[in-house]
J.: 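A single structure is presented below for examination.
Please read all numbers here as calculations on a predicted model, not as lab measurements.
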Amino acid sequence: MLSLQYIRENVDRVKRDVLLRNATAPIDRILQLDEERREVLQQVEALRARRNAASKAIGASKDAAGRDERIAEMRVVGDEINQLDARLKGVETELQAKLYEVPNILDPSVPRGPDETSNEVVAVVGSIPEFSFAPRPHWELGELVNGLDIERGAKMSGSRFYTLRGPLAKLQRALIQFMLDEHSKAGFTESYLPYMLSEASLYAAGQLPKFRDNLYRDAEEDYFFIPTAEVAFVNLYRDEIIPPGQLPMRFVGHTPCFRREKMSAGRDVRGIKRGHQFEKVEMFVYCEPEQSGEELEALLVRACSIPEKLGLPYRVLALCSGDIGFNSTKTFDLEIWAPGQGEWLEVSSASNCLDFQARRANIRYRTAADAPTAYPHMLNASGLALPRTVIAVMENYQREDGSIGVPEALQPYMGIDVIPAV
RNA sequence: GGAGGGGUCGCAUAGUGGUCUAGUGCGCCCGCCUGCUAAGCGGGUUCCGGGGUAACUCGGUCGAGGGUUCAAAUCCCUCCCCCUCCGCCA
């Protein structure tokens with residue numbers, strides 16, 4: 001969330017950015033509540049100060065009559081405090097709820113536009129493979145190598161579930177292993193994380209209240225299944241003050257992700273591009289505010305290194321104001337070409353969230369032991385999403401007979417150089 | 001799942017209704033003393049918010065939230081977390 005002070009001092013920019021996002025946010029109501037809060041707060045604190053002083057005097061007093069008089073007086077003051085307190089609480093609750101609805105400000109470099117058609121292609125890397133035959137989509141290849149079973153997945157769980165087996169299951173595992181190794185080598189700390197988090201954690205990361213419809217949760221207990229490891233990484237340091245000298249902190253982890261995909265019902269029904277459960281390798285960075293620009297670039301380079309090492313053609317998009325995520329001030333998407341389907345597959349999203357999540361999650365840091373606390377910047381980037389990368393490998397490395405070549409970088413992980421058709 | 005014990009200002013602890021403005025020790029910071037170091041002496045050391053140009057000042061904060069009271073670390077209620085033992089278990 002944004003700080004009240006920032007909103008107060010930059011009303012025009014905040015309102016403009018909300019408009020550019022094609023969103024709405026109750027900025028005027030927030031300013032009004034803010035003023036009301038401070039007014040009531042001053043009243044109630046003045047009364048409390050009076051009562052504190054009187055209570056102390058009562059404790060020290062030996063004059064029984066004066067004592068009873070004061071107690072009677074303070075009983076009245078106490079009632080007033082309770083009334084004002086109730087009002088204050090109401091104001092603060094609403095204020096907090098409204099603040100949660102305000103999206104992050106936009107980086108000035110973000111292209112303007114209402115929806116994804118205005119995203120800017122900032123780079124296209126690698127050459128799109130030429131085939132002497134009509135390249136097949138992954139769901140056909142999956143059957144030809146006997147590695148993908150969509151029907152049995154649907155039987156067990158319903159639509160948007162599938163199973164991988166044999167070489168394709170291994171291919172996914174190899175990719176996860178490869179990516180974790182690559183990012184670890186680059187200095188990211190490998191992490192194993194909970195896959196279920198409390199409601200408070202989902203609020204802190206900005207998933208709630210807005211995306212409740214897209215989350216799975218336990219019916220009896222306070223557990224939400226993570227839609228991305230980002231949610232867990234944000235909460236790693238929730239309610240903590242990070243001591244001097246620890247930033248930047250860079251993490252990488254592999255987790256499954258769970259999404260209802262209600263909003264995308266009917267889209268991408270074919271194949272395994274969009275499921276309710278998928279694997280993802282995620283990178284996450286905590287850094288000082290001055291560093292977050294470079295860290296975003298570095299995350300992007302890191303993510304791009306994966307399709308490069310796998311020999312997959314990809315492009316990078318700068319998301320426009322209407323398409324960028326709620327928490328983010330600037331986002332790059334990485335898409336790999338899938339020749340079988342004939343489309344670009346989104347496999348990573350690299351975002352700088354500034355101090356937006358830190359504020360919400362109450363995470364602070366110090367530059368020195370005696371320095372005041374400040375909010376760190378937080379960034380995330382997939383590195384990369386499965387099974388879309390599996391799809392990309394299958395469709396780009398396919399051969400006419402339906403077999404699939406194994407990229408050189410993965411051969412040590414798989415122990416084979418081709419996945420044969422059966 | 002059952003029984004018990006805990007959660008206090010970085011760490012360790014004291015504190016069963018009002019001199020608690022939360023004490024003490026350790027650690028850390030500043031100063032004094034001092035050939036050097038150590039010891040010693042003095043002071044400082046949670047976090048959040050309001051007001052103020054500022055010095056400063058006010059309020060909150062003893063796991064969380066409610067309640068009782070003129071007054072709560074302390075009494076009552078609900079919840080969370082940690083530890084020990086038993087049971088169950090990958």
J.: About how many Å separate CG of A:Asn82 and CG of A:Leu84, when rounded to the nearest 0.5 Å?
T.: 9.5 Å
J.: Distance check, C1' atoms only: B:rC28 and B:rA64, in whole angstrom units.
T.: 30 Å
J.: Between A:Tyr100 and A:Tyr203, is the gap from one ring center to the other below 6.0 Å?
T.: yes
J.: Can you measure from SG (A:Cys320) to CG (A:Asn119) and round to the nearest 0.5 angstrom?
T.: 4.5 Å
J.: Taking atom C1' in both B:rG15 and B:rU24, what distance in whole Å separates the two?
T.: 11 Å
J.: Tell me the partner of B:rA12, counting only Watson-Crick (N1-N3 plus N6-O4 or O6-N4) or G-U wobble (N1-O2 and O6-N3) with both under 3.5 Å; none if nothing fits.
T.: B:rU24
J.: Against A:His254, only a single residue in A:Glu279, A:Arg173, A:Glu190 fulfils side chain to side chain donor-acceptor pair (under 3.5 Å); can you say which?
T.: A:Glu279
J.: Are A:Glu94 and A:Lys98 close enough for a salt bridge, meaning some N to O gap below 4.0 Å?
T.: yes
J.: Sort out the partner of B:rC47 for me: Watson-Crick or G-U wobble, both distances under 3.5 Å, none otherwise.
T.: B:rG60
J.: Where along nucleotides 64-81 of chain B does protein come under 4.0 Å, by heavy atom, of base (B) or sugar-phosphate alone (S), with - for untouched nucleotides?
T.: --S---BS----------
J.: Just wondering, do A:Met249 and A:Ile242 contact through their side chains at under 4.5 Å, heavy atoms?
T.: yes
J.: For nucleotides 47-58 of chain B, give me one character per nucleotide, 5' to 3': B if any protein heavy atom sits under 4.0 Å from the base, S if the only such contacts are to the sugar-phosphate, - if neither.
T.: SSBSS------B
J.: A side-chain contact here means heavy atoms from C-beta on lying under 4.5 Å apart; do A:Ser201 and A:Val234 qualify?
T.: no
J.: Taking the C1' atom of each, how far is B:rU21 from B:rC36, in whole Å?
T.: 41 Å
J.: What's the verdict on side chain to side chain contact (heavy atoms under 4.5 Å, CB included) for A:Phe278 and A:Arg259, showing C-alpha distance, side-chain angles and the deciding distance?
T.: CA-CA 9 Å; A:Phe278 61 96; A:Arg259 299 184 185 177; 3.7 Å; yes
J.: Sticking with atom P, work out how far B:rG42 lies from B:rG49, rounded to a whole angstrom.
T.: 35 Å
J.: So what's B:rC85 paired with, Watson-Crick or G-U wobble, going by both distances under 3.5 Å?
T.: B:rG2
J.: Using the P atom as the reference point in each nucleotide, state the distance between B:rA73 and B:rG63 in Å, no decimals.
T.: 10 Å
J.: Taking the same atom, C1', in B:rC26 and in B:rU45, what whole-Å distance lies between them?
T.: 13 Å
J.: Taking B:rA39 as the reference, what is the distance to B:rG52 when you measure between their P atoms (whole Å, please)?
T.: 47 Å
J.: Which heavy atom in A:Asp417 sits nearest to a heavy atom in A:Arg399, and how many Å separate them?
T.: O-NH2, 4.4 Å
J.: If I pick the C1' atom on B:rG60 and the same atom on B:rG4, what distance separates them, to the nearest angstrom?
T.: 35 Å
